[in-house]
Amino acid sequence: MLPMHTDIVDLRQFYHSELGRMAEQSVSAALALIWARLPDERLLGLGYAVPYLERFRADTERTFAFMPAGQGAVNWPVADLSSTALVFDEELPLPDASIDRVLMVHSLEFAESPRETMKEIWRVLAPGGRLIIVVPNRRGVWAQMEHTPFGSGRPYSRGQLTALLRETNFTPGATSEALFFPPSKRKLALRLRHGLERVGRSLWPVFSGVIIVEAQKRLYQGLPVAARASRRVFVPVLAPRGVPSTRSRATKAP
């Protein structure tokens with residue numbers, strides 16, 4: 001059965017909650033260990049990466065927030081010209097080699113075909129471009145609890161993610177982990193978050209809530225190209241097709 005996207009309303013509500021803000025801080029701290037700044041680069045966030053794009057946006061040449069059709073989209077940034085697009089992750093509306101960095105959050109675990117999605121990312125990345133994937137850890141507690149977005153979709157092990165990257169012409173690089181505290185809304189658990197993150201990173205990294213892997217686009221090996229017709233069709237919900245006029249169908253009497 002195909003994984004179902006978490007709805008955009010549920011994603012926004014989670015990240016506006018106290019637990020969601022704590023999760024954002026944990027994941028952002030892990031991201032900062034891999035990408036400190038992205039000066040004058042073109043950054044694409046795919047999935048629901050909005051909570052993590054703000055830290056990079058001030059330095060980039062431009063930043064896009066692409067959100068999958070199955071999830072839904074919100075306007076971002078709120079107080080500026082919109083950089084949001086509603087997309088299909090296997091058919092991104094971008095030219096070849098047009099993006100320097102891609103950040104995938106709440107994305108790969110919902111992909112209908114992870115390999116096709118990764119090949120599309122490979123296509124839009126510039127030579128030497130880099131990618132970070134944040135996915136639920138199949139061994140972690142967060143993947144087992146359905147009251148957060150990290151408990152939906154298809155979780156991964158580090159080995160599965162590394163194999164997928166290599167199969168789709170990426171070279172895995174730096175790694176990190178986040179979400180070592182339990183996905184509990186209790187005040188005590190949230191107060192202990194900093195200590196649990198610090199201890200968990202040292203003692204039980206294999207049980208982190210998410211796995212974070214950076215990879216670089218590999219150029220020296222060709223990708224097989226297969227022609228395929230698009231399975232995707234946008235249907236404007238506010239533009240009804242209308243009904244042909246009965247007068248136009250009527251035939252004149254002899």
Side-chain angles (χ1 to χ4, degrees), residues 3-38 43 45-58 63 65 67 71-79 103-110 132-158 161 174-214:
M4 295 290 292
H5 281 275
T6 300
D7 188 84
I8 190 67
V9 174
D10 296 327
L11 286 162
R12 292 187 69 184
Q13 288 179 346
F14 172 72
Y15 280 104
H16 280 95
S17 69
E18 186 175 9
L19 178 60
R21 289 191 293 270
M22 297 295 185
E24 176 190 345
Q25 292 171 14
S26 175
V27 175
S28 293
L31 290 174
L33 297 175
I34 302 176
W35 288 352
R37 295 176 62 247
L38 307 179
L43 172 64
L46 183 61
Y48 190 71
V50 165
Y52 308 99
L53 293 178
E54 282 292 346
R55 63 175 291 110
F56 299 117
R57 187 167 72 98
T63 301
M67 304 184 192
Q71 165 193 290
V74 293
N75 182 53
W76 180 85
V78 176
L103 175 61
M104 298 177 69
V105 187
H106 303 301
S107 175
L108 187 65
E109 62 265 36
F110 300 111
I132 282 184
I133 303 176
V134 180
V135 289
N137 180 6
R138 64 182 301 181
R139 294 184 178 181
V141 175
W142 287 71
Q144 316 304 321
M145 309 294 284
E146 297 182 355
H147 65 282
T148 83
F150 298 102
S152 301
R154 181 193 301 109
Y156 283 81
S157 67
R158 190 179 302 278
L161 191 55
T175 64
S176 190
E177 301 88 14
L179 302 182
F180 292 97
F181 65 100
S184 171
K185 299 178 183 179
R186 295 182 178 180
K187 297 291 184 181
L188 177 60
L190 295 177
R191 283 200 298 269
L192 294 174
R193 176 180 66 90
H194 290 292
L196 290 173
E197 288 290 296
R198 184 174 59 256
V199 173
R201 195 179 303 277
S202 301
L203 299 183
W204 55 83
V206 71
F207 297 114
S208 63
V210 294
I211 299 169
I212 302 171
V213 176
E214 185 196 37

Student: Taking C-beta and beyond as the side chain, do L43 and L53 meet within less than 4.5 Å on heavy atoms?
Tutor: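 Heavy-atom side-chain distance check passes, below 4.5 Å.
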Student: Should we say atom CZ of R201 is surrounded by more than 12 heavy atoms from elsewhere, each under 6.0 Å from it?
Tutor: yes
Student: Measuring only between side-chain heavy atoms, which start at C-beta, is P183 closer than 4.5 Å to H147?
Tutor: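 In short, these two side chains touch, coming nearer than 4.5 Å.
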Student: In Å and rounded to the nearest 0.5 Å, what is the CG to CD1 distance from L46 to I133?
Tutor: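 L46 atom CG to I133 atom CD1 measures 10.0 Å (nearest 0.5 Å).
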Student: Nearest 0.5 Å, please: how far is OG in S152 from CD in E146?
Tutor: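 The distance works out to 6.5 Å.
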Student: How many angstroms lie between atom CG of L11 and atom NE2 of H5, to the nearest 0.5 angstrom?
Tutor: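 One finds 10.5 Å between CG of L11 and NE2 of H5.
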Student: Return the minimal non-hydrogen interatomic distance between Y52 and A23, and the atom names on each side.
Tutor: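 Closest heavy-atom pair between Y52 and A23: OH-O, 4.3 Å.
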Student: Within the 4.5 Å heavy-atom criterion, are V135 and V210 side-chain neighbours or not?
Tutor: no
Student: Compare every heavy atom of K185 with every heavy atom of L19, then report the nearest pair and how far apart it is.
Tutor: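 It is CD2-CG, 4.3 Å.
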Student: Please name all residues satisfying side-chain hydrogen bond (donor to acceptor under 3.5 Å, both in side chains) with S26, sequence neighbours left out, ordered by chain then number.
Tutor: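 Scan of S26 (side-chain hydrogen bond (donor to acceptor under 3.5 Å, both in side chains), adjacent residues dropped) gives E197.
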Student: Aromatic rings F150 and H106: how do their planes relate, parallel, tilted or perpendicular, breaks at 30° and 60°?
Tutor: tilted
Student: When you compare the side chain of M67 with that of V50, does any pair of heavy atoms fall below 4.5 Å?
Tutor: yes
Student: With a 6.0 Å cut-off (strictly less than), is the heavy-atom count around CD of Q144, excluding the residue itself, greater than 12?
Tutor: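 Yes, because the 6.0 Å sphere around CD of Q144 holds more than 12 heavy atoms from other groups.
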Student: If you round to the nearest 0.5 Å, how far is CG of L33 from OG of S28?
Tutor: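 With rounding to 0.5 Å, OG (S28) is 11.0 Å from CG (L33).
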Student: Under a 4.5 Å cut-off applied to non-hydrogen side-chain atoms, are F181 and W142 in contact?
Tutor: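 A side-chain contact under 4.5 Å exists here.
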Student: Both conditions, 6.0 Å and 45 degrees, for the charged tip of R57 above the ring of W76: are they met here?
Tutor: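 Relative to the ring axis of W76, which defines the angle, R57 lies inside both limits.
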Student: Between the main-chain N or O of G20 and the side-chain N or O of S17, is there a donor-acceptor pair closer than 3.5 Å?
Tutor: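 Indeed, once roles are kept as given, a pair shorter than 3.5 Å links the two residues.
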Student: R154 side chain to F110 main-chain N or O, any donor-acceptor pair under 3.5 Å?
Tutor: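 Checked: no pair found.
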Student: Below 4.5 Å, heavy atoms only, C-beta onward: do Y156 and R138 meet side chain to side chain?
Tutor: no
Student: Identify whether the distance between the nearest side-chain nitrogen and carboxylate oxygen of E177 and R158 falls below 4.0 Å.
Tutor: yes
Student: For the atom pair CZ (F180) and CG (L203), what is the distance rounded to the nearest 0.5 Å?
Tutor: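 So the gap between those two atoms works out to 9.5 Å.
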Student: Donor-acceptor check, side chain of N137 to backbone of V206, threshold 3.5 angstrom: yes or no?
Tutor: yes
Student: With no hydrogens and no angle check, is any side-chain donor or acceptor of W204 less than 3.5 Å from a backbone partner on V199?
Tutor: no
Student: To the closest 0.5 Å, what do you measure between OG1 (T175) and CD1 (I212)?
Tutor: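 Going from the OG1 atom of T175 to the CD1 atom of I212 covers 9.5 Å.
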Student: Just jot down the ring-ring contact (aromatic ring centres under 6.0 Å, His included) partners of Y48, sequence neighbours excluded, or say none.
Tutor: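 With sequence neighbours excluded, Y48 shows a ring-ring contact (aromatic ring centres under 6.0 Å, His included) to Y15, given in chain and number order.
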Student: Does any part of the side chain of V134, heavy atoms only, come nearer than 4.5 Å to the side chain of L31, both counted from C-beta?
Tutor: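 A side-chain contact under 4.5 Å exists here.
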Student: Does atom CZ of R55 have more than 12 heavy-atom neighbours, drawn from other residues, nucleotides or ligands, at distances under 6.0 Å?
Tutor: yes
